[in-house]
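This report concerns only the one structure given below.
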Protein chains: 2
Amino acid sequence: MRQTAGMPIDAPRTARERARAEITAEILDTARIHLARDGAAALSLRAVARDLGMVSSAVYRYVPNRDALLTMLIIDAYDGLGGAVETSEGAVARTDYLDRFLATCHAVRTWAIAHPQEYALIYGSPVPGYAAPEDTIGPASRVPVVLITIIVDLQSSGRAPRPAPVDAGVAASIAPISDFAGGQVPPDLLLRGMASWSGLFGAVSFELYGHLHNVVAEGTAARTAYFDHQMRRVAEGLGLGSGTVAR
Amino acid sequence: MRQTAGMPIDAPRTARERARAEITAEILDTARIHLARDGAAALSLRAVARDLGMVSSAVYRYVPNRDALLTMLIIDAYDGLGGAVETSEGAVARTDYLDRFLATCHAVRTWAIAHPQEYALIYGSPVPGYAAPEDTIGPASRVPVVLITIIVDLQSSGRAPRPAPVDAGVAASIAPISDFAGGQVPPDLLLRGMASWSGLFGAVSFELYGHLHNVVAEGTAARTAYFDHQMRRVAEGLGLGSGTVAR
DNA sequence: GTCTAATGTGAGCACTGCTCACGAAACAGA
DNA sequence: TCTGTTTCGTGAGCAGTGCTCACATTAGAC
């Protein structure tokens, strides 16, 4: 049976297996600290080894190579973000669709600001030559699933206009996600969900990567007000609005 | 007098100055090739030197360090994208506002797909510890200026609803860009411009960084159809729409 | 108690950015 | 034309990286 993130790790039987799991966890913990402090590009297996008081070649007994360590950290980051978002969104009354959406947006942004290097690791430019392994797609889909669920819920509540017809070519283009959703969700809603997702991602990334420099004032209040306004605009465009963008 | 991108280089007087300019250009050219092939993270001064048949320490006579070389490539990339977008958008009739917007979007995406590493360099996660110098803000603003201009043009044509009133806090948050625009452009329009810019950026980045994997079908046709649809949706949300998102 | 497999060690390879002392060449001023 | 000053190319060297490998040690299985 394969191990997948979120699944509890098999209880180690022997002392050796226990030690192995423990040391692997220590490596991951240390790597996490280094990542948060220095960023993914500067993550060094040798430095992690030094911090743990082991010789550099010893970590290769636990981690096949640097890319594998990064992959673990990527899954970690996806799960961290996904958990934060699910908690935040889950605390809002189910029928307050706009608030659910805004809670999701702000949760993503708050997490990103608190964990900039982790965010950059999962949503920044991929390390060249690095291909995201299949293990990441589960954790990676947690946030978009939340967004699409909000839109689908709004739809089923009957409080939204009927899904708009979508051009056949466009509908065909999203066949993969449509299949993933069991083919039951109208393409228009999936497209809305994706649009909100990429709009949210764009706004957070812009802020985090410094593209709002000389555009939006630097303080926390200004940045939050700007972000909130723009996310309300996105919601509006999705049929999630409360009537007007202005607050 | 300081040299700024876009400004013609002073004609070199002596043979030495001419040689210097030439070798610096060769270094930049080679670095550009390496960037396109291997990505920014793998850009190596030593490798560039090798390609040019010079010893590694010699390039330090022309480029202070690796970061400076990256900065030149960043300015280069901004200008390349800006030029491509301005050309594309400039070819559309001035009064076809939606088409101007879509031309801009598709130009950004086309350039990004053709120059993925350059795109990642300017819109991906910034290299840790690297702060974008002031020289980049001019070239960096070319695309957003195009977008905001479209929206302002539409506004002045009288074919759009009046700019919506904006919450005072939100309006204050965009003081920097508002000042940059001379204080004449209504905040609502600037906010729309920024929203379109970050929506466009989000969509292109998602595709380029592989976040559409298992979501949107892989082929060129599917990806283009999806992108076009989403950009039309963004346009819609901006008041640039032609009436309906469906084509 | 023995045998095998897992684990830790340190040397080593090839690479990186960057510095520095050293000559050689090119320029500028007298 | 001669002299003095910059500028430029060279190669060695430092500190760091990822990763491999032969070797010793140790822990678990039988």
Side-chain angles (χ1 to χ4, degrees), chain A residues 10-28 30-31 33-35 37-74 117 121 126-131, chain B residues 10-28 30-31 33-35 37-74 117 121 126-131:
Chain A
D10 287 331
R13 307 186 185 288
T14 72
R16 198 173 242 172
E17 282 175 30
R18 209 174 321 118
R20 185 165 231 295
E22 201 169 304
I23 294 182
T24 308
E26 276 176 16
I27 291 175
L28 242 172
T30 309
I33 294 171
H34 283 217
L35 168 65
R37 200 184 47 210
D38 309 319
L43 181 67
S44 150
L45 274 180
R46 289 183 112 113
V48 170
R50 261 197 307 275
D51 265 26
L52 262 57
M54 45 169 61
V55 91
S56 74
S57 57
V59 300
Y60 285 92
R61 298 287 181 198
Y62 299 91
V63 173
N65 53 39
R66 189 173 172 277
D67 269 11
L69 187 57
L70 277 177
T71 300
M72 298 188 212
L73 292 173
I74 286 173
Q117 301 286 8
L121 180 61
V127 194
Y130 176 84
Chain B
D10 287 331
R13 306 187 186 287
T14 72
R16 198 173 241 171
E17 281 175 29
R18 208 174 322 117
R20 186 166 231 295
E22 200 169 304
I23 295 182
T24 308
E26 276 176 16
I27 291 175
L28 242 172
T30 309
I33 294 171
H34 283 216
L35 168 65
R37 197 185 48 209
D38 309 319
L43 180 67
S44 150
L45 275 180
R46 288 183 113 111
V48 170
R50 261 197 307 275
D51 265 26
L52 261 56
M54 45 168 63
V55 91
S56 74
S57 57
V59 300
Y60 286 92
R61 300 282 182 202
Y62 300 91
V63 173
N65 54 41
R66 189 173 173 276
D67 270 9
L69 187 57
L70 277 177
T71 300
M72 299 188 212
L73 293 173
I74 286 173
Q117 301 287 7
L121 180 62
V127 193
Y130 176 84

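Model, not experiment: these values are computed from the prediction.
Taking every side-chain heavy atom of B:Arg50 into account, C:dC15 is the closest of D:dT10, C:dT9, C:dC15.
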Whether each nucleotide of nucleotides 22-30 of chain D has a protein heavy atom under 4.0 Å at its base (B), only at its sugar-phosphate (S) or at neither (-) is summarised, 5' to 3', as B---BBSS-

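Looking only at side-chain heavy atoms (C-beta outward), B:His34 and B:Asp51 come within less than 4.5 Å of each other.
A straight line from CG of B:Asp38 to P of C:dC15 spans 14 Å, rounded to a whole angstrom. Protein atom CG of B:Leu45 is 11 Å distant from nucleotide atom P of C:dT19, rounded to whole Å. Spacing between atom CZ of B:Arg66 and atom C1' of C:dC15 amounts to 13 Å, rounded to whole angstrom units. C:dG17 atom P lies 11 Å from atom CG of B:Asp67, rounded to whole Å. The interatomic distance linking B:Leu69 (CG) with C:dT16 (C1') rounds to 14 Å, in whole Å. Atom-to-atom, CD of A:Glu22 to P of C:dT7 comes out at 13 Å; the value is rounded to the nearest Å. Rounded to whole Å, atom P of D:dC8 lies 15 Å from atom CG of B:Leu52. Regarding B:Arg18, its CZ atom lies at a distance of 20 Å from the P atom of C:dA25, rounded to whole Å.
A distance of 7.0 Å separates CD1 of B:Ile27 from OH of B:Tyr62, quoted to the nearest 0.5 Å. Rounded to the nearest 0.5 Å, atoms CZ (B:Arg61) and CZ (B:Arg20) are 9.5 Å apart. One distance of note links CG of B:Leu45 with CZ of B:Arg50; it measures 11.0 Å at 0.5 Å rounding. Separating the OG1 atom in B:Thr24 from the CG atom in B:Leu28 is a distance of 8.0 Å, to the nearest 0.5 Å.
Across every non-hydrogen atom of A:Arg66 and A:Leu43, the tightest pair is NE-O, 2.7 Å.
One cannot find a donor-acceptor pair under 3.5 Å joining the base of D:dG16 and the side-chain atoms of A:Arg46. The base of C:dG10 is paired with the side chain of A:Ser57 by a donor and an acceptor separated by under 3.5 Å.
Mapped onto DNA chain D by nearest heavy atom, B:Ile23 and B:Ser56 fall at different nucleotides, with B:Ile23 at the one closer to the 5' end.
With B:Val48 as reference, B:Thr30 is the one residue of B:Thr30, B:Ile33, B:Leu35 to meet the side-chain contact (heavy atoms from CB on, under 4.5 Å) rule.
Contact between the side-chain N/O atoms of B:Tyr62 and the OP1/OP2 oxygens of D:dC8 is not found at any separation under 4.0 Å.
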